[in-house]
2 protein chains.
Amino acid sequence: MDKRITIYDLAKTLGVSAGTVSRSLNDHPSISRKTKERVISIANELGYKTNKFAVNLSKQKSNTIGVIVPKLNSIFMSTVLAGIEKMANEAGYNLIISQSLESMEKEKINAKTLYDSGVDALLVSLAYDTTDFDHFAYYIRNKIPLIFIDRVHNLPNCSTIIIDNKLAGFEATEHLINQGCKNLLYISGDLRRNVYSERFKGFKEALAKHGLPFDNANYLESDLSPNSVKHAMAHIKDTHVPFDGLFVANDTFAALCLKELKKENIKIPEDIKVIGFNNDPISDLVTPTLSTIHYPGYELGVLAGQSVISHLNGGINLQPTNAITLRHSLIIRESTLK
Amino acid sequence: MDKRITIYDLAKTLGVSAGTVSRSLNDHPSISRKTKERVISIANELGYKTNKFAVNLSKQKSNTIGVIVPKLNSIFMSTVLAGIEKMANEAGYNLIISQSLESMEKEKINAKTLYDSGVDALLVSLAYDTTDFDHFAYYIRNKIPLIFIDRVHNLPNCSTIIIDNKLAGFEATEHLINQGCKNLLYISGDLRRNVYSERFKGFKEALAKHGLPFDNANYLESDLSPNSVKHAMAHIKDTHVPFDGLFVANDTFAALCLKELKKENIKIPEDIKVIGFNNDPISDLVTPTLSTIHYPGYELGVLAGQSVISHLNGGINLQPTNAITLRHSLIIRESTLK
DNA sequence: TTTAATTATGCAATCGGTTGCGTAATAAAT
DNA sequence: ATTTATTACGCAACCGATTGCATAATTAAA
């Protein structure tokens, strides 16, 4: 009763071969219009559904794209994913999404699982602590498109999609300086991740350009989790020369800092000016509103989606060094007013 | 060279049949320990990887779970997804995630696509405007587990996982009343969605219990998008009897309202007390901090994942009316202080 | 040692499409 | 009307597992 209709069923009722049915359904040129129409009409009538499992086996591809992100529940990442999903969906691809939870071990397992389940391509934003990249070797060896997003690593034949984090870091820092800050603190994530190290470079370059000294006190590495805010506060208070400018590696952590600073009766922006990163919705809702760097997450996702799909379809677009850089922008709000 | 090793290759080099190899790899009882070990060791040596496509075709199942959510880029939904993903991943299932973008049409397409690609189960949180449910008929007819999350609908043989929105709405409202509010406004989403209509019921019940009148002015339907804040403000200002308490259907919109109200020089909580919903991170970062209802999104996801997996594994747990209700809690912050 | 009971393996069909190659059917050219 | 192109379709191998059933190998019982 509920048995699925196959091309063989169609072939039998039409008195043609299964091959003809298959080709008709796929609009193959070597089938006459008349036959195609007969096949299609019968297929509709009988409620034929193509069995993807069989197609997959036969074609050795799954029509799915794998994604590994550090965490799903971050507004930035979920925005990126929304962009990817939109493109994938429009192109008829399914998205298998997994999270590394910022652990290289889990990232490895996910990479393997996705490989085994036969994804046609893989999009990755690296975990916090990923140091080696052997788990991507299968993909490269088997020419499965591999694209890094945001938190990237330079591997041969892999595209990367990023913003110019160094420049963004430079601009954020220079903005603080232009607003009169003399002693800045960059609160960073793990420097092994390009996004943080690049921003750090920009930070230092801006200091250098404006003749401001840099020493270790001007840099604080953090895991950017809510629990770490108190470490950051301790660092800020313990430093001999008081900071008057804060460049924080993401808006959420910046917002947390803002809250703590206010608790300590430190005035923003009068005493300390603060700039975040990402332009998360939160940055416009806190008090004072938070200056930040707009990071176009959705566009990033869209571009990543488009890129991977053009890889898959065209096979073109496989330039050896293929790095796409999106435009960021500085957003000035209350937290850095003079 | 790069050709994949199949069970036939293993069979040939071992001098046994493919069936034996298959059974060995799956630890089938009718194979001797010795043979199993030989097979497994050769498999490792040759770098054998099972071809999921073949397994899927043979077993007619995909080891994937489909998910349709309204939007990926909401902190609540991505938190739910994080919970689902964790459970699915631990159980060896892949997650195919798609978003309806709050449109029933896209929800239908997604449901069909996921069905066609052979997901073993489907988790759904309904789009804003979904009114009919035919697109889930395949699933029910073919006994593919279908579970609704958060934004649910009662379909035969489908589980739902929710919180008690009516009670939560009641508690939020009663809290406002206890803090001295006399003229409340409930800013709601579309009442066709259970979450909003249930909260509305709770709202009205609390008013009734405390002898407060209710008329249409006490209720405002909104799409809860940032653009709609001005409508809400207009409603608040145009009403003859000024409101002194606001119950807003989610924290993000509540935060937006907070900001606008402050712009209008309305004091929170002195003039108007505000309570949100969800306990998004943002609710603790705005000024004043926002009272809200804690909605355990991650736990919801975990439970949804567990539930679907136990359906798939045990086949048990298929009670006809299977509604899981999670515990919520009232979180009192500054925005509703006396 | 022979027979019966167990245990281990092989055979071959099956899952449902795709596709290269060969040929029949039709159309065009001579 | 015959030959040559073209077009339309069929055949059958193939993708890589799984699995019911038959049989061979081994062990236990008689």
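In what follows, chains are A, B, ... by sequence order, proteins preceding strands, each numbered from 1.
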Q. Ala54(B) side chain: which of dT18(D), dC15(C), dG16(D) is closest?
A. dG16(D)
Q. Looking for any heavy atom pair under 4.0 Å, which part of the strands does Val21(A) touch: base, sugar-phosphate only, or nothing?
A. nothing
Q. Got a salt bridge between Asp27(A) and Lys36(A), using NZ or NE/NH1/NH2 to carboxylate O under 4.0 Å?
A. yes
Q: Would you indicate whether the side-chain heavy atoms of Ser117(B) and Asn63(A) approach each other to under 4.5 Å?
A: no
Q: Over 60° means perpendicular and under 30° means parallel, so classify the ring planes of Phe133(A) and His153(A), tilted if in between.
A: parallel
With 3.5 Å as the limit, what N/O pairs link the protein to nucleotides 21-25 of chain D?
none

(Q) From CG of Asn51(A) over to P of dG16(D), roughly how many Å is that when rounded to an integer? (A) 17 Å
Q) With side chains defined as the heavy atoms from C-beta onward, is the minimum distance between Val80(B) and Val69(B) less than 4.5 Å? A) no
Q.
Whole angstroms only, please: what is the CZ-C1' distance between Phe53(A) and dT18(D)?
A. 14 Å
Q.
If you assign each of Leu57(B) and Ser17(A) to its closest nucleotide in DNA chain D, which residue comes earlier from the 5' end?
A. Ser17(A)
Q. Are any of the side-chain nitrogens in Arg193(B) or Glu102(B) under 4.0 Å away from the carboxylate oxygens of its partner?
A. no
Q. Just how far, in rounded Å, is C1' of dT19(D) from NZ of Lys59(B)?
A. 11 Å
Interface polar pairs with nucleotides 23-25 of chain C, N/O, under 3.5 angstrom:
none

Q. Can you find a side-chain donor-acceptor pair between Asn89(A) and Gln99(B) that sits under 3.5 Å?
A. no
**Q.** Closest to side chain of Ser22(B), choosing from dG10(D), dC15(D), dT19(D)
**A.** dT19(D)
Q: Quickly work out the Ile7(A) CD1 to dT18(C) P distance and round it to whole Å.
A: 6 Å
Q: On the 0 to 90° scale, with breaks at 30° and 60°, tag the Tyr139(B)-Phe136(B) ring pair as parallel, tilted or perpendicular.
A: tilted
Q. How many Å lie between NZ on Lys52(A) and C1' on dT18(C), as a whole number?
A. 15 Å
Q: Measure the distance from CD on Gln60(A) to P on dG16(C) and round it to the nearest whole Å.
A: 18 Å
Q.
With a 4.0 Å cut-off on N to O distance, would you call Glu85(A) and Lys106(B) a salt bridge?
A. yes
Q) Salt bridge check: are Lys108(B) and Asp132(B) linked by an N-O gap of less than 4.0 Å? A) yes
Q: Identify whether any heavy atom of Tyr8(A) sits under 4.0 Å from a base atom; if not, whether one sits that close to sugar-phosphate; answer base, sugar-phosphate or nothing.
A: base
(Q) Parallel, tilted or perpendicular: which one describes the rings of Tyr138(B) and Tyr115(B), with boundaries at 30° and 60°? (A) parallel
(Q) With the threshold set at under 4.0 Å for non-hydrogen atoms, list the residues of residues 24-47 of chain B touching DNA chain D in residue-number order. (A) Asn26(B)
Q: Please tell me if the side chains of Asn56(A) and Leu57(B) come closer than 4.5 Å, counting only heavy atoms from C-beta onward.
A: no
Q | Sugar-phosphate, base or nothing in reach of Gly15(B), heavy atoms under 4.0 Å | A | sugar-phosphate
**Q.** Distance in angstrom units between Lys12(A) NZ and dG17(C) C1', rounded
**A.** 16 Å
Q. What integer distance in Å separates Arg4(A):CZ from dG17(C):C1'?
A. 12 Å
(Q) Under 3.5 Å, is there a donor on one side chain and an acceptor on the other for Asn73(B) and Tyr298(A)? (A) no
